[in-house]
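Every heavy atom of this structure was used, including side-chain atoms; hydrogens, water molecules and symmetry mates were not.
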Amino acid sequence: MKKEEGATRRDFLKVAATTAPIAAVAVASGGTAAEAAEPDLTSDKMQDTAHTRAYLASARF
């Protein structure tokens, strides 16, 4: 049998198995929640408020 040069599928799976948990921890611990702005009652546009953030969070799939 001839030994292949370079990366193999098995090497890729080893690297993927070790980096996935590290990436998940980095994403989970890296963010801080942004606070919603005070509503501008003179504007007709949709505004970033706590109410709209709660609605959009509940509508996610």
Side-chain angles (χ1 to χ4, degrees):
M1 294 198 27
K2 185 171 107 178
K3 181 162 170 110
E4 293 183 21
E5 295 294 322
T8 63
R9 198 173 5 179
R10 183 172 286 168
D11 293 336
F12 171 76
L13 292 174
K14 285 180 186 177
V15 171
T18 57
T19 57
I22 294 169
V25 169
V27 169
S29 65
T32 58
E35 294 195 21
E38 290 296 319
D40 180 17
L41 300 177
T42 61
S43 177
D44 290 336
K45 296 180 182 178
M46 184 173 133
Q47 298 177 23
D48 181 25
T49 63
H51 175 74
T52 55
R53 283 186 183 227
Y55 170 75
L56 294 173
S58 69
R60 284 193 191 134
F61 292 103

Novice: Of all the heavy-atom pairs spanning Gln47 and Thr52, show the shortest one and how long it is.
Specialist: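 For Gln47 versus Thr52, the nearest heavy atoms are O-OG1, 3.0 Å.
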
Novice: Please go through Val15's hydrophobic cluster and name the other residues, only I, L, V, M, F, W, Y counting, with side-chain heavy atoms under 4.5 Å joining them.
Specialist: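 Once heavy-atom contacts under 4.5 Å are chained together, Val15 still belongs with nothing else.
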
Novice: Going by side chain to side chain donor-acceptor pair (under 3.5 Å), name the pairs with one or both residues in residues 11-25, residues two or more places apart or in two chains.
Specialist: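 Every pair satisfying side chain to side chain donor-acceptor pair (under 3.5 Å) with a residue in residues 11-25: Thr8-Asp11.
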
